[in-house]
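Remarks on the structure that follows.
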Amino acid sequence: MTLVYQSTRDENNKVTASQAILQGLATDGGLFTPTSLPEVQLDFNQLQNASYQEVAKLVLSAFLDDFTEEELDYCISHAYDEKFDTPVIAPVVKVGQHYNLELFHGSTIAFKDMALSILPYLLTTSAKKQGVDNKIVILTATSGDTGKAAMAGFADVPGTEIIVFYPDGAVSKIQELQMTTQTGDNTHVVAIRGNFDDAQTDVKRMFNDEALRAKLLANGAQFSSANSMNVGRLVPQVVYYVYAYAQMVKSGVIRAGEKINITVPTGNFGNILAAYYARQIGLPVHKLICASNENKVLTDFFATGTYDKKREFKVTTSPSMDILVSSNLERLIFHLVGNDAAATKELMTSLSENGEYSLPQVDQEILDLFAAGYASEAATAREMKQVFDEADYVEDPHTAVASAVYRAYRVETGDETPTLIASTASPYKFPRVVVESITGQNPADDFAAVAELETVSGVAQPLAVRGLENAPVRHTTVVETREMQAEVEAYLGLK
Ligand SMILES: *Cc1c(COP(=O)(O)O)cnc(C)c1O
């Protein structure tokens, strides 16, 4: 039986896994979502000795069931290799009362690497399976982080090109250097004289420009998207929850079969949704704890059943969670209303037209799996300090949001279930705010903060940061917003 991925907004739009990956978003605006669960045998007495790659094979072959074994081996072996600074790939570390699942050992020291290092291989393999031999062109506008993680994933992957636009002067020095020193013959980085929205708007316009699409096709190429709604990003994220549980069994923290809680610092709801799917295929989970920063639209949603995006957007020290429309929540909504596409579409239409929706009668069993909370900016800074003082461990601000929410949850509920926290970034990614929070000092710039963090934490700075100051800059193009398309056409050599 082949698993069916159905659009959350049209019950007649059904595809296989590889078709879902190649298409990205459904043309009706919905998200491709599995309507049944694959059969997976999770035997943790065995899995506790499995490598990351072996767990990945088990989980991916279940969800991506139209891929052959050879195809999955190719994708997995090229994704989870020396790009990661530990052969464990995603270690579990005890931190005070909880366990951190460190998802930041890849090229850009944040959790997006976990999925973006395999997506390019899943995409090109999907294209081949569908008889498409066009070159896959990824266009991305970035406010700093996602573009770099996507580039690191796509760099030198045969059959792909990636072009990233970022707002000139609006990213941190480290972020800018991470992008402008990017290697790979198929990577192209362009600064624009405009803000992130300008870049984003024009990228979307190019995606939908029929004439440009036709020109690409005539030149043997087509656009594709690497955004977090792609099934090729969601499914690889299920892997590390299964792998983390196996590690907890192996180290004797839990017995095979014992339930754990999983706390996830949440923005677009992709990472926590993957934890939900891990639970659905048999991972023993008590609660999924959804942690937000001051943009607490999800905390309110779980408390009231109403999703209301009509509120002030706050800029916080955990920027990857500064989101008011959590795109991947649509998949949970779809399941909550009994996999009903018409009902989901109605709610999503209400969100775009009225800025809100309220849940109708839903599957209470699914809803009860979730707990939710948020951490203020002050609470997040306090948490970094407290974790450092108590456990001699430095958390980044995103992880600290989750850690603070979990601390409050534990006090409120008395729930002592062993708890895993998805640790989504290295503190070296946000060195200034981390140093400020734990020492009270104000480093002069990012590099001074990195040096200070190294002294204070005793953890060596990762390869991704080391040498950045002196790495050769390879990308220096700056253009006006209106010149973006000309830049794309010139770079791709379109005629
Ligand atoms: C993207 C990101 C998140 C949020 O993950 P979602 O899947 O969007 O919920 C949290 N922390 C960091 C560091 C991230 O980069």
Side-chain angles (χ1 to χ4, degrees), residues 1-8 10-27 30-44 46-47 50-80 114-132 136 153 159 224-243 245-246 270-271 273-283 285 328 330-332 334-335 339 341:
M1 257 296 286
T2 316
L3 205 61
V4 171
Y5 286 82
Q6 188 204 297
S7 166
T8 48
D10 179 3
E11 66 177 354
N12 296 315
N13 192 356
K14 295 188 168 102
V15 297
T16 66
S18 66
Q19 287 169 333
I21 291 171
L22 190 61
Q23 281 192 44
L25 265 187
T27 44
L31 280 65
F32 289 116
T33 303
T35 48
S36 62
L37 288 163
E39 295 263 341
V40 194
Q41 210 48 46
L42 297 183
D43 173 0
F44 285 100
Q46 228 178 2
L47 281 177
S51 66
Y52 192 87
Q53 293 80 356
E54 286 164 342
V55 176
K57 178 91 173 271
L58 178 74
V59 173
L60 294 187
S61 61
F63 278 96
L64 310 181
D65 63 350
D66 65 337
F67 282 64
T68 66
E69 225 183 300
E70 292 71 35
E71 287 166 343
L72 287 177
D73 284 338
Y74 164 76
C75 294
I76 291 167
S77 65
H78 283 78
Y80 303 111
M114 300 304 298
L116 280 168
S117 50
I118 195 165
L119 177 71
Y121 298 99
L122 295 175
L123 251 180
T124 48
T125 303
S126 297
K128 251 185 231 129
K129 293 176 78 64
Q130 302 301 323
V132 170
I136 303 289
S224 188
S225 159
N227 74 30
S228 82
M229 282 91 92
N230 195 311
V231 163
R233 279 187 63 181
L234 181 62
V235 171
Q237 295 177 358
V238 177
V239 174
Y240 45 74
Y241 291 112
V242 176
Y243 180 64
Y245 186 95
N271 202 1
L273 187 72
Y276 169 74
Y277 284 124
R279 188 261 179 198
Q280 296 307 85
I281 59 166
L283 195 74
V285 170
N328 275 292
E330 182 167 340
R331 288 188 167 110
L332 185 72
F334 176 73
H335 296 315
N339 292 356

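Here the structure is a predicted model, which is why all the values come from computation and not from measurement.
With a 6.0 Å radius and a threshold of 12 heavy atoms from other residues, nucleotides or ligands, Q130 has its CD atom above the threshold.
Remark: R331 CZ to Y277 OH distance equals 6.0 Å, nearest 0.5 Å. Atom OG in S126 sits 6.0 Å away from atom CG in L22 (nearest 0.5 Å). Between D73 atom CG and T68 atom OG1 the span is 8.0 Å, to the nearest 0.5 Å. Between atom NZ of residue K14 and atom CZ of residue F32 there is a gap of 12.0 Å, rounded to the nearest 0.5 Å. Here the CG atom belonging to L60 is positioned 12.5 Å from the CD atom belonging to E71, to the nearest 0.5 angstrom. Atom OH in Y52 sits 8.5 Å away from atom OH in Y243 (nearest 0.5 Å).
Looking at heavy atoms from C-beta onward, S36 lies in side-chain contact with L3 at the 4.5 angstrom threshold. At least one side-chain heavy atom of F63 sits under 4.5 Å from a side-chain heavy atom of I281. Two residues are said to be in side-chain contact when any heavy atoms from C-beta on lie closer than 4.5 Å; H335 and T33 meet this criterion. In this structure, the side chains of N13 and Q6 stay at 4.5 Å or more apart for every pair of heavy atoms. Within the 4.5 Å cutoff, the side chain of Y5 has no heavy atoms near those of the T16 side chain.
At a cut-off of 3.5 Å, with distance as the only test, a side-chain donor of Q280 or Y276 sits close to an acceptor on the other residue. A donor-acceptor contact closer than 3.5 angstrom is absent between the side chains of R233 and S228. There is a side-chain donor-acceptor pair under 3.5 Å between S18 and D66. At a cut-off of 3.5 Å, with distance as the only test, a side-chain donor of E330 or T8 sits close to an acceptor on the other residue.
Minimum heavy-atom separation, A20 to N230: O-OD1, 4.3 Å. Of all heavy-atom pairs spanning I136 and S224, the tightest one is CG2-CB, 3.5 Å. What you find for G159 and T124 is that their closest heavy atoms are O-CG2, 4.4 Å. Here the shortest heavy-atom pairing between L42 and L283 reads CD1-N, 3.7 Å. Listed here is the closest heavy atom pair of L64 and V231: CD2-CG1, 4.3 Å. Of all non-hydrogen atoms in G30 and S7, the two that sit nearest each other are CA-OG, 3.7 Å.
Judged as a side chain to side chain contact (heavy atoms under 4.5 Å, CB included), and not counting sequence neighbours, K128 has no contacts. Under the ring pair (Phe, Tyr, Trp, His ring centres under 6.0 Å) criterion, Y245 pairs with F44, sequence neighbours left out.
A cation-pi contact, defined as under 6.0 Å to the ring centre and within 45° of the axis, links K129 to F67.
Counting only distance, with no hydrogens or angles, the side chain of Q46 and the backbone of D43 share no donor-acceptor pair below 3.5 Å. Side-chain N or O atoms of S61 include one that pairs as donor or acceptor with a backbone N or O of L58 at under 3.5 Å.
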I'd like a table of donor-acceptor pairs (distance under 3.5 Å, sequence neighbours excluded) in which one partner is a side-chain atom from residues 234-241, with atom names and distances.
residue, atom, partner, partner atom, Å
Y240, OH, N271, OD1, 2.7
Y241, OH, N271, O, 3.4
Y241, OH, N271, OD1, 2.8

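Classification of the H78-Y121 ring pair by plane angle, with boundaries at 30° and 60°, yields tilted.
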